[in-house]
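Have a look at the structure below before the remarks.
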Amino acid sequence: MTREMASGNNSSVKEFILLGLTQQPELQLPLFFLFLGIYVVSMVGNLGLIVLIVLSPHLHTPMYYFLFNLSFTDLCFSSVIIPKMLVSFVKQNTISHAECMTQLFFFAFFVIDECYILTAMAYDRYAAICKPLLYQVTMSYQVCHMMTVCVNVMGFVGAMAHIVCMLRLTFCGGNIINHYMCDIPPLLKLSCTSTYINELVVFIVVGVNVTVPSLTIFISYTLILSNILGIHSAEGRSKAFSTCGSHVVAVSLFFGAAAFMYFKPSSESVDNDKISTIFYTIVGPMLNPFIYSIRNKDVHIALKKALKKNAFT
């Protein structure tokens, strides 16, 4: 009844209010500094890894080419989400309809991008470990470039599908988004027109962009594991595991949180939505540079050379 009355009202919402992560006043300032710190660490870590890969010739390989793209995506991802989130900790956070749709577009674009970059990295490890003699041909510059183009095309198509469907909705009821960003589920709750098509698109787009990468990564690592177990040298097995371990951690964090967010029962609380979203939009991009660097000898060598070079200049 309320929705029908709202539909009869031609006035549409021009701006939204983002409630943020929590409404408890005593937590606002501590959370502001916490997420500001996370943002700074994320920027420094990802930007540092990007610069290191660009300046170190021995890191100009397919593995680090995709890691460069992952760090760039995480850099942009964090910048789309966190700055606007920080505002909600210090004052009422309003966002125009156009800004909200823009944030939603780039959020969807970078989420889908990250799914397929992680998939490309898994395939790269499969080619390096299972087909080492053909690796230079399988993962040539042209192949890597084409894979990157496909990643961005998938991101663009998925994001556009969400935005086109979202722009057909009329928001003439409330304008308070119970979230720290413009995400699809809380926006659909504010619509006074039918959201059936939007929900169908979410199911298809999210289903494809989670299921296809997940299956590809699972198959890649199943083949990698069977190949590793066939290596007789303990040193060889250890080296193979070390090159894959960091990627498995990053994939588990990202896909685990994303799957929990979009494939959980609709009865789950909004607070659970916010927490699960934090893991793949904020925590993941912050941790990725360290996950891929801490036990990576190539990165350690490149960092030492860069520091020595700066020390002598």
Side-chain angles (χ1 to χ4, degrees), residues 16 42 46-47 50 53 62 65-85 95-124 139-169 177 179 181-188 191 195-217 250-251 254-255 257-259 261-263 277 280-282 284-285 288:
F16 299 99
S42 182
N46 285 295
L47 190 58
I50 288 171
I53 291 171
Y65 171 77
F66 291 120
L67 186 54
F68 171 92
N69 281 277
L70 180 67
S71 292
F72 180 75
T73 298
D74 284 339
L75 193 72
C76 297
F77 203 179
S78 297
S79 297
V80 168
I81 303 298
I82 302 180
K84 195 65 181 172
M85 177 190 190
I95 184 170
S96 70
H97 183 275
E99 289 173 332
C100 187
M101 294 301 107
T102 301
Q103 186 188 50
L104 178 58
F105 173 83
F106 284 107
F107 162 67
F109 177 79
F110 290 123
V111 166
I112 297 171
D113 258 24
E114 186 134 348
C115 287
Y116 287 101
I117 291 172
L118 291 171
T119 306
M121 293 174 75
Y123 180 76
D124 171 71
M139 299 302 296
S140 65
Y141 171 78
Q142 291 80 5
V143 172
C144 292
H145 180 69
M146 184 57 65
M147 290 174 74
T148 304
V149 170
C150 291
V151 164
N152 290 318
V153 168
M154 291 299 292
F156 180 80
V157 170
M160 280 302 296
H162 287 309
I163 289 300
V164 169
C165 290
M166 194 62 70
L167 290 175
R168 59 176 285 277
L169 298 180
I177 300 176
H179 213 296
M181 67 174 185
C182 289
D183 198 2
I184 297 169
L187 277 170
L188 294 184
S191 173
T195 61
Y196 173 77
I197 294 177
N198 298 73
E199 291 167 6
L200 183 62
V201 168
V202 168
F203 180 79
I204 294 171
V205 173
V206 174
V208 169
N209 293 315
V210 170
T211 304
V212 173
S214 297
L215 283 175
T216 305
I217 292 170
V251 166
F254 180 80
F255 281 99
M261 172 66 189
Y262 288 100
F263 294 115
T277 307
Y280 72 89
T281 61
I282 297 175
N288 280 343

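In this text the structure is predicted, and so the values were computed from the model without any measurement. Positions are given from 1, in the same order as the sequence printed here.
Take S71 and apply the side chain to side chain donor-acceptor pair (under 3.5 Å) test, not counting sequence neighbours, and it matches no residue. C165 is linked by a disulfide bond (SG atoms under 2.5 Å apart) to nothing, counting only residues two or more places apart in sequence or in another chain.
Counting only heavy atoms from C-beta outward, the side chains of N69 and M121 never approach each other to under 4.5 Å. Taking 4.5 Å as the limit, every side-chain heavy atom of Y65 sits out of range of all side-chain heavy atoms of D124. Between F203 and V206, the closest side-chain pair of non-hydrogen atoms is not below 4.5 Å. V111 places a side-chain heavy atom less than 4.5 Å from the side chain of F254. Between L169 and L188 the shortest side-chain heavy-atom distance falls below 4.5 Å. By the 4.5 Å heavy-atom criterion applied to side chains, F107 and H162 are not counted as neighbours.
With hydrogens and angles ignored, the 3.5 Å screen pairs no side-chain donor or acceptor of E114 with any backbone N or O of L70.
Taking every heavy atom of both residues into account, A122 and I217 meet most closely at CB-CG1, 3.9 Å. Closest of all the heavy-atom pairs between P213 and T119 is CB-OG1, 3.0 Å. Contact between A120 and M147 at its shortest, heavy atoms only, is CB-CE, 3.6 Å. Among all heavy-atom pairs drawn from N198 and M166, the shortest one is ND2-N, 3.5 Å. The two atoms that bring F109 and A159 nearest to each other are N-CB, 3.7 Å, heavy atoms only. Scanning both residues, C182 and L104, for their nearest heavy atoms gives O-CD1, 3.4 Å.
For CZ of F72, the number of neighbouring non-hydrogen atoms (other residues, nucleotides, ligands) closer than 6.0 Å is 12 at most. By the neighbour-count criterion of 12 heavy atoms within 6.0 Å, atom CD1 of I197 is sparsely surrounded, having that number or fewer from other residues, nucleotides or ligands.
Defined by atom type and a distance below 3.5 Å, a donor-acceptor pair is present between the side-chain atoms of N209 and Y116. S78 and S42 share a donor-acceptor pair across their side chains, judged by distance under 3.5 Å alone.
How far CG of L67 is from CD1 of I53: 4.0 Å, rounded to the nearest 0.5 Å. Remark: I81 CD1 to C76 SG distance equals 12.0 Å, nearest 0.5 Å.
Taking the six-membered ring where the residue is Trp, F77 and F110 present tilted rings, their angle falling between 30° and 60°.
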